[in-house]
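Below is one structure, written out as structure tokens; the observations come after it.
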Amino acid sequence: MTGHGTDNARPDNFIEQIIARDNASGKFGGRVVTRFPPEPNGFLHIGHAKSICLNFGVAKRFEGLCYLRMDDTNPLKETAEYVASIQNDVRWLGFDWEDRETHASDYFEQLYQFAEELILRGRAFVCSLSLDEIRATRGTLTEPGQPSPYRERGVEENLDLFRRMRAGEFEDGAVVRGAKSYMAAPNINLRDPVLYRVRRAHHQRTGDAWCLYPMYDYTHCLSDFIEGVTHSLCTLEFEDHRPLYDWVLDTLATPHHPQQIEFSRLNLEYTVLSKRMLNALVTEGHVDGWDDPRKPTIAGMRRRGVRPAAIREFCERIGVTRSDGTVEMSALERCIRDDLEAVPRGLGVVEPLKVVLTNYPEDGEEWFSAAQHPQDESLGSRDIPFCRELWIEREDFMLEPPNKKYKRLSPGAEVRLRYGYIIRCDEVITGNDGEAVELRCSVDLESRAGGANAERKVKGVIHWVSARHGVDVELRLYDRLFNEPNPGGLKDGRHFTEVLNPDSLTLRHGVVEPHLATLAPGSRVQFERMGWFYLEPERSTAEKPVFNRIITLRDTWS
RNA sequence: UGGGGUGUCGCCAAGUUGGUAAGGCACCGGAUUUUGAUUCCGGCAUUCGCAGGUUCGAGUCCUGCCACCCCAGCCA
């Protein structure tokens with residue numbers, strides 16, 4: 001342990017250990033500067049959350065700084081809307097970058113100057129090969145590449161051509177620049193990589209000021225240097241790029257050289273975590289948008305009703321390592337439930353089945369007081385109306401119970417109505433299909449709290465809502481988006497959209513106790529025995545509340 | 001078959017001068033419970049990808065295998 005922070009239960013991850021060591025040796029003068037560098041070409045997802053928590057978390061833990069930097073070097077894919085969504089999501093997750101909001105495009109001029117410097121040092125050249133020619137001469141994994149015929153152009157000519165590229169004298173993509181490193185390098189990234197390309201595209205921030213844009217490998221290391229980043233944390237696929245990262249900074253002899261450290265990206269079962277696939281789900285109409293509650297995007301989870309603390313805790317629990325792995329969905333679900341446990345309770349029926357209490361007066365009505373939370377008295381209580389006709393959950397009744405462990409309602413059986421009386425099913429009225437359409441039950445009027453039979457034990461307790469007072473609501477029941485654990489990596493040739501779960505969203509007309517209809521949009525409640533629900537602000541109206549099922553209760557009923 | 005990585009319980013993950021396998025998730029008991037929830041107790045790797053070797057002693061050192069992931073965008 002490094003002794004930082006208050007949570008000493010969790011051991012340091014390997015990155016924190018490296019930083020602690022660097023601080024001890026004075027490598028960066030004890031400073032710690034990180035950055036979360038998303039490309040604004042899509043919405044952030046839970047995989048990004050891992051990186052956000054890591055970067056901001058590490059900075060906070062070591063009393064350093066963390067930048068939020070838009071890696072906006074490809075104007076063809078990036079938009080201001082994505083920039084806004086990213087900022088919104090990072091903020092919602094609970095992180096504050098204060099005035100450290102930057103954009104790689106802020107550095108375009110500096111980057112350009114550094115490029116001229118590279119040319120002056122004879123380490124970069126303007127290459128007039130076409131895209132296909134460059135590809136053809138790059139070599140393969142096992143064969144070395146062939147040097148470009150333009151590789152030995154003189155410094156003056158390169159400088160002249162580069163300046164004319166900036167001035168707009170060359171066509172799109174027609175001219176590129178490579179770095180003069182090693183065409184025979186076994187690491188393909190080192191074979192004279194392209195650093196700049198002419199791209200006559202409107203940039204969401206710099207507009208039409210530029211017609212040539214720097215590439216990631218060239219931009220990222222220098223942006224890190226400019227911001228004084230000490231530990232540049234990225235995912236494993238960039239490991240092969242680290243030599244290039246170092247090459248640029250070494251060649252330019254920058255006075256500060258950030259250290260790139262790679263960690264493995266998050267993989268989650270039963271979902272996809274790649275912007276390409278997430279984007280395809282939207283454009284192909286499989287979901288309602290980037291913020292569809294079924295998506296693993298930050299916006300989707302927020303809309304579903306998940307709270308940021310659950311996501312942060314999840315990121316904390318899964319750890320940070322260099323080994324590839326896929327986290328089970330149950331780990332995320334556990335965090336979501338843990339976080340929601342403190343939320344108030346309520347009674348809501350998802351699939352109503354009518355119950356008539358034959359021995360209860362036609363015009364009778366009572367109001368039962370019920371605690372808002374069984375373990376937290378500070379939340380107070382609310383009153384629940386009761387009358388002769390009720391709605392109970394359809395799945396809480398079975399004509400023929402499977403075994404003796406069944407504790408719900410069935411012909412002749414008794415159950416307790418949560419917060420209320422014990423009832424017995426005397427008669428079942430079935431429809432043409434044999435399904436129960438109504439239950440005729442009798443109430444034990446002495447079985448409520450305070451009554452003579454209050455202590456009488458029955459096997460089960462079920463939830464219910466007064467038919468006379470209940471409020472109709474729209475319920476959106478969400479389930480996993482895919483039926484396969486690894487939809488993005490199917491080995492049998494199927495496309496990930498072929499294994500979408502057709503039941504990932506189920507619409508239901510439910511009924512809830514009146515108190516729940518008075519809740520403010522954005523409220524969360526646990527419908528007892530059914531799960532946690534979120535009164536979705538975007539969809540709810542005064543006339544029709546819309547609840548999203550965030551997640552079901554844990555179900556250990558075998 | 002070039003280069004770079006990774007392999008510790010079903011999943012995630014500690015293990016850092018070699019000293020006799022943390023924790024979380026899941027699962028299985030059992031207690032409390034007017035939510036089959038929560039909470040609470042208890043169980044859950046003679047073994048660390050495999051095979052050798054060094055050593056009094058190896059997940060940790062050495063050698064050789066094997067498996068999986070990433071890389072041939074003018075994407076990031």
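Both backbone and side-chain heavy atoms feed into the values below; hydrogens, waters and symmetry mates do not. Just so it is clear: chains get the letters A, B, ... in the order the sequence lines come, proteins before strands, and each one is counted from 1.
Summarising the base pairing, rC65(B) is matched to rG49(B) through a Watson-Crick or G-U wobble pair whose two defining distances lie under 3.5 Å. A 3.5 Å limit on both hydrogen-bonding distances identifies rG19(B) as the Watson-Crick or G-U partner of rC56(B). Nucleotide rG2(B) forms a pair with rC71(B), judged by Watson-Crick or G-U wobble geometry with both contacts under 3.5 Å. Using N1 to N3 plus N6-O4 or O6-N4 for Watson-Crick, or N1-O2 and O6-N3 for G-U wobble, each under 3.5 Å, rU38(B) pairs with nothing.
Across rA21(B) and rA13(B), the matching C1' atoms stand 13 Å from one another, rounded to whole Å. Comparing rG7(B) with rC62(B), their P atoms are spaced 15 Å from each other, to the whole Å. Here, rG15(B) and rG42(B) have their C1' atoms 25 Å apart, quoted to the whole Å. The separation of rU32(B) from rA37(B), taken at their C1' atoms, amounts to 13 Å, rounded to a whole angstrom. Spacing of P atoms, rA58(B) relative to rC70(B), comes out at 36 Å, to the nearest Å. Taking atom C1' on both rU8(B) and rU46(B), the two are 15 Å apart, rounded to the nearest angstrom. Taking atom C1' in both rC9(B) and rG49(B), the straight-line distance is 14 Å, to the nearest Å. Taking atom C1' in both rU39(B) and rC12(B), the straight-line distance is 24 Å, to the nearest Å.
Spacing between atom CZ of R242(A) and atom P of rG3(B) amounts to 17 Å, rounded to whole angstrom units. We find that CD of E16(A) is positioned 14 Å from P of rA13(B), with the value rounded to whole Å. Between K459(A) atom NZ and rG36(B) atom C1' there is a gap of 12 Å when expressed in whole angstrom units. Across the protein-nucleic acid pair, Q260(A) atom CD and rG4(B) atom P stand 16 Å apart, rounded to whole Å. When rounded to the nearest whole Å, the span between CD of E393(A) and C1' of rA37(B) equals 15 Å. rA37(B) atom C1' lies 14 Å from atom CG of L347(A), rounded to whole Å. Put simply, NE2 on H373(A) is 14 Å from P on rA37(B), counting in whole angstrom units. Counting to the nearest Å, the P atom of rU16(B) and the CG atom of N13(A) are 16 Å from each other.
Here E316(A) does not pair with R312(A) in a salt bridge; the nearest charged N to carboxylate O distance is not below 4.0 Å. For K459(A) and E414(A), the salt-bridge test fails: no basic side-chain N is under 4.0 Å from an acidic carboxylate O. Salt-bridge check for D339(A) with R524(A): failed, with every basic side-chain N at 4.0 Å or more from each acidic carboxylate O. In this structure, R424(A) does not pair ionically with D444(A), as no charged nitrogen and carboxylate oxygen lie closer than 4.0 Å. Remark: E351(A) does not engage R394(A) in a salt bridge, criterion side-chain N to carboxylate O under 4.0 Å. Using a cutoff of 4.0 Å between basic side-chain nitrogens and carboxylate oxygens, R529(A) and E393(A) are not scored as salt-bridged.
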Per-nucleotide protein contact string for nucleotides 69-76 of chain B, where B marks a base within reach and S marks sugar-phosphate only (heavy atoms under 4.0 Å, - for neither): SBBBSBSB
Nucleic acid footprint by protein, nucleotides 23-31 of chain B - heavy-atom cut-off 4.0 Å, B for base, S for sugar-phosphate alone: -SSSS----
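Between I462(A) and I318(A), the residue anchored closer to the 5' end of RNA chain B is I318(A), taking for each the nucleotide with the nearest heavy atom. Mapping Y406(A) and V320(A) onto RNA chain B by nearest heavy atom places V320(A) closer to the 5' end of the strand.
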Derivation and outcome, ring-ring contact (aromatic ring centres under 6.0 Å, His included), residues Y419(A) and F368(A): CA-CA 7 Å; Y419(A) 304 120; F368(A) 305 149; 8.9 Å; no
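Residue R408(A) places none of its side-chain N or O atoms closer than 4.0 Å to OP1 or OP2 of rG36(B).
Listed nucleotides: rU16(B), rC12(B), rU6(B). Nearest to the side chain of V327(A): rC12(B).
Among the atoms of the strands shown, base atoms are found under 4.0 Å from some heavy atom of A449(A). Contacts of K275(A) with the nucleic acid, taken as non-hydrogen atoms under 4.0 Å apart, are absent. The residue E333(A) sits apart from the nucleic acid: no heavy atom pair falls under 4.0 Å. Within 4.0 Å of L417(A), counting heavy atoms only, lies at least one base atom of the nucleic acid.
Against the 90° criterion about 0, the sugar-base torsion of rG15(B) places it in the anti range.
Between D106(A) and M70(A), the closest side-chain pair of non-hydrogen atoms is not below 4.5 Å. The side-chain heavy atoms of M301(A) and I311(A), taken from C-beta on, include a pair separated by under 4.5 Å. Residues L236(A) and D324(A) are in side-chain contact: their nearest non-hydrogen atoms beyond the backbone lie under 4.5 Å apart.
Of the residues R35(A), H103(A), H220(A), the one that meets the side-chain hydrogen bond (donor to acceptor under 3.5 Å, both in side chains) test with D71(A) is H220(A).
A donor-acceptor contact closer than 3.5 angstrom is absent between the side chains of R416(A) and S447(A).
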